[in-house]
Amino acid sequence: MYDRLSHLIRMTPPEVTGNHLIVHQHSTMTDLIIRDNSCPMYTYINGLSSDTSKATARRVLKAIAKSLGAPSIYRIDWTLVSKNDVNSMLNLWQKKKLAPDTISLYLSVLKSVIKEAFLLELISTRRFESIKSVSKPAGSRIKEHHILTPESFESLLELVKHRKQPESTAIRDQTIFHVLVGAGLRRFEIAGLQCEDVDHENKRLKFIGKGNKERAVKVHELTYQAICQWLNLHPTKTGPLFIRLTKGGFVYYKMSDIQALSGNAIYDVCKKYGLLEGKERVPPHSLRRSYATWLYNNDSNLKNISKLLGHASTKTTERYVQTSQQEIDDTVTNNLFKR
């Protein structure tokens with residue numbers, strides 16, 4: 001435990017009476033949030049618009065508690081946090097060599113909880129304003145995201161095709177990769193797709209994405225063909241587009257309902273085919289980055305790519321477009337002293 005912050009840790013968690021737990025799908029016991037209208041953590045998380053944001057907030061709060069040496073997020077006494085404490089936390093995270101973006105995220109969540117503590121009249125205006133004045137750290141880190149080439153994508157599809165598994169499972173998984181790379185959807189957006197979201201007339205996917213924004217994404221002919229191939233095998237042609245299958249490739253039923261794949265299950269599909277092994281890991285979001293990079297390298301307009309990805313700003317899209325160090329080096333080698 002960081003000694004200068006030990007006073008923020010309660011010896012025992014506060015008593016909560018007449019309340020219950022908020023359980024989100026795929027949560028573990030450590031992810032549960034107690035519904036308590038006087039708890040600043042609950043009021044902050046309950047006010048977030050998406051399950052993804054709520055999961056991120058819970059994860060960050062757990063990380064903050066761990067960095068303080070607290071056994072639970074409910075051992076942090078938010079009423080005692082001061083500006084000096086926040087700066088001490090920043091110093092602690094920097095000593096642990098956390099990336100500036102990670103520290104900024106931690107600070108943002110911490111400030112948000114403090115704001116709720118202020119609105120609940122648990123802390124004074126002076127304390128709230130002093131904590132609000134703490135600035136996020138400067139700096140950045142170079143983070144390489146491995147991007148698939150079109151050739152490596154073809155190899156991935158072949159790997160799925162020739163794996164020893166039922167044809168229905170192979171076609172479903174190939175279609176998931178087609179939508180990840182050929183439409184650039186986030187994994188939770190793919191998990192939420194319904195069969196009815198496929199606009200066959202215009203060859204688009206129409207769905208509710210991040211920030212509760214409706215998007216219509218045009219899909220390439222190859223992606224559309226893959227979706228149709230999977231729909232031909234889909235047992236109901238309605239409801240969740242991507243569903244759980246048994247080891248034998250049959251529909252997984254539970255309580256007479258067909259089970260949709262979750263965002264975590266989409267991640268596991270990538271893991272299943274070795275995309276998360278070694279140094280050149282390719283999680284689902286890197287496949288989304290591959291989509292953006294391929295479009296950009298083929299001279300697509302950045303503003304249009306941004307709209308396809310569902311970004312509020314092209315600045316975010318610029319971070320998605322991956323430029324290799326070799327391409328950066330070639331800019332100097334080939335263009336600096338042209339004759």
I'd like to know if the side chain of [X] reaches the main chain of [Y], judged simply by a donor and an acceptor atom lying under 3.5 Å from each other, with no hydrogens or angles considered.
X      : Y      : value
Lys83  : Ser133 : no
Arg204 : Val217 : no
Tyr106 : Trp93  : no
Gln174 : Trp230 : no
Ser290 : Ile147 : no
Asn87  : Asn84  : no
Ser286 : Arg289 : no

Can you list the residues that meet the side chain to side chain donor-acceptor pair (under 3.5 Å) rule with [X], with sequence neighbours excluded?
X      : value
Trp294 : none
Ser108 : none
Ser152 : Thr149

Return the [atom1] to [atom2] distance between [X] and [Y], rounded to the nearest 0.5 Å.
X      : Y      : atom1 : atom2 : answer
Leu185 : Leu193 : CG    : CG    : 5.5 Å
Leu308 : Arg215 : CG    : CZ    : 8.0 Å
Leu80  : Leu122 : CG    : CG    : 11.0 Å
Asn37  : Asn46  : CG    : CG    : 8.0 Å
Leu107 : Ser112 : CG    : OG    : 9.0 Å
Ser130 : Ile123 : OG    : CD1   : 8.0 Å

Tell me every residue that passes side chain to side chain contact (heavy atoms under 4.5 Å, CB included) with [X], counting only those two or more places apart in sequence or in another chain.
X      : answer
Thr317 : Leu302, Ile305, Ser306, Leu309, His311
Ser155 : none
Glu116 : Pro40, Thr43, Tyr44, Leu119

Ignoring hydrogens, what is the shortest heavy-atom contact between [X] and [Y]? Give both atom names and the distance.
X      : Y      : value
Pro284 : Arg187 : CG-CD, 4.0 Å
Ser67  : Lys96  : CA-NZ, 3.7 Å
Leu231 : Cys195 : CD2-SG, 3.8 Å
Ala70  : Ile76  : CB-CG1, 4.4 Å
Met41  : Val113 : CG-CG1, 4.0 Å
Leu241 : His234 : O-CD2, 3.3 Å

>> Tell me whether Ile208 shares a hydrophobic cluster with Phe242, the cluster being built from Ile, Leu, Val, Met, Phe, Trp, Tyr side chains joined at under 4.5 Å.
In response: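 Ile208 does not cluster with Phe242.
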
> Do Leu222 and Ile176 share a hydrophobic cluster, counting only Ile, Leu, Val, Met, Phe, Trp and Tyr and linking them when any side-chain heavy atoms are less than 4.5 Å apart?
Replying inline: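 Per the 4.5 Å side-chain linkage, Leu222 and Ile176 are not co-clustered.
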
>> side chain to side chain contact (heavy atoms under 4.5 Å, CB included) for Arg244 and Leu261? Distances and angles first, verdict last.
In response: CA-CA 6 Å; Arg244 290 183 64 182; Leu261 286 185; 3.8 Å; yes

> Remaining members of Tyr267's ILVMFWY cluster at a side-chain heavy-atom cut-off under 4.5 Å?
Replying inline: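 Via sub-4.5 Å side-chain contacts, Tyr267 links to Leu276.
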
Under 6.0 Å from the [atom1] atom of [X], do we count more than 12 heavy atoms belonging to anything else shown?
X      : atom1 : value
Glu221 : CD    : yes
Lys247 : NZ    : no
Lys218 : NZ    : yes

> With sequence neighbours left out, what residues match Trp78 under ring-ring contact (aromatic ring centres under 6.0 Å, His included)?
Replying inline: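 For Trp78 there are no ring-ring contact (aromatic ring centres under 6.0 Å, His included) partners, ignoring immediate neighbours.
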
Residue pair [X] / [Y], side-chain heavy-atom distance below 4.5 Å:
X      : Y      : answer
Leu156 : Leu275 : yes
Leu245 : Pro166 : no
Thr223 : Leu205 : no
Ile114 : Phe118 : no
Arg58  : Ile45  : yes
His220 : Val181 : no

>> Working note: Glu158 + Glu154, criterion side chain to side chain contact (heavy atoms under 4.5 Å, CB included); need CA distance, chi angles, decisive distance, verdict.
In response: CA-CA 6 Å; Glu158 285 297 310; Glu154 289 293 333; 5.6 Å; no

>> Working note: Thr56 + Leu48, criterion side chain to side chain contact (heavy atoms under 4.5 Å, CB included); need CA distance, chi angles, decisive distance, verdict.
In response: CA-CA 10 Å; Thr56 298; Leu48 296 173; over 6 Å; no

> Going by the salt bridge (Lys or Arg N to Asp or Glu O under 4.0 Å) test, which pairs reach into residues 128-138, not counting sequence neighbours?
Replying inline: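 The answer is Glu129-Lys132.
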
> Tell me, which pairs form a salt bridge (Lys or Arg N to Asp or Glu O under 4.0 Å) where one or both residues lie in residues 161-186, sequence neighbours left out?
Replying inline: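 Only Asp173-Lys272, Arg186-Glu189 qualify under salt bridge (Lys or Arg N to Asp or Glu O under 4.0 Å).
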
> ring pair (Phe, Tyr, Trp, His ring centres under 6.0 Å): which pairs involve residues 156-198, sequence neighbours left out?
Replying inline: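 Only Phe153-His178, Phe177-Tyr273 qualify under ring pair (Phe, Tyr, Trp, His ring centres under 6.0 Å).
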
>> With side chain to side chain contact (heavy atoms under 4.5 Å, CB included) as the criterion, how do Tyr224 and His200 come out once you've worked through the C-alpha distance, each side chain's angles and the decisive distance to 0.1 Å?
In response: CA-CA 8 Å; Tyr224 179 69; His200 293 281; 2.9 Å; yes

> Does Asp77 have any salt bridge (charged side-chain N to carboxylate O under 4.0 Å, His left out) partners at least two apart in sequence or in another chain, and if so, which?
Replying inline: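 With sequence neighbours excluded, Asp77 shows a salt bridge (charged side-chain N to carboxylate O under 4.0 Å, His left out) to Arg10, given in chain and number order.
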
> How far apart are the C-alpha atoms of Asp85 and Ser82, what are their side-chain angles, what is the distance that settles it, and do they pass the side-chain hydrogen bond (donor to acceptor under 3.5 Å, both in side chains) test?
Replying inline: CA-CA 5 Å; Asp85 293 327; Ser82 67; 3.1 Å; yes

> Any side-chain donor paired with an acceptor under 3.5 Å for Ser38 and Asp36?
Replying inline: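 Yes.
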
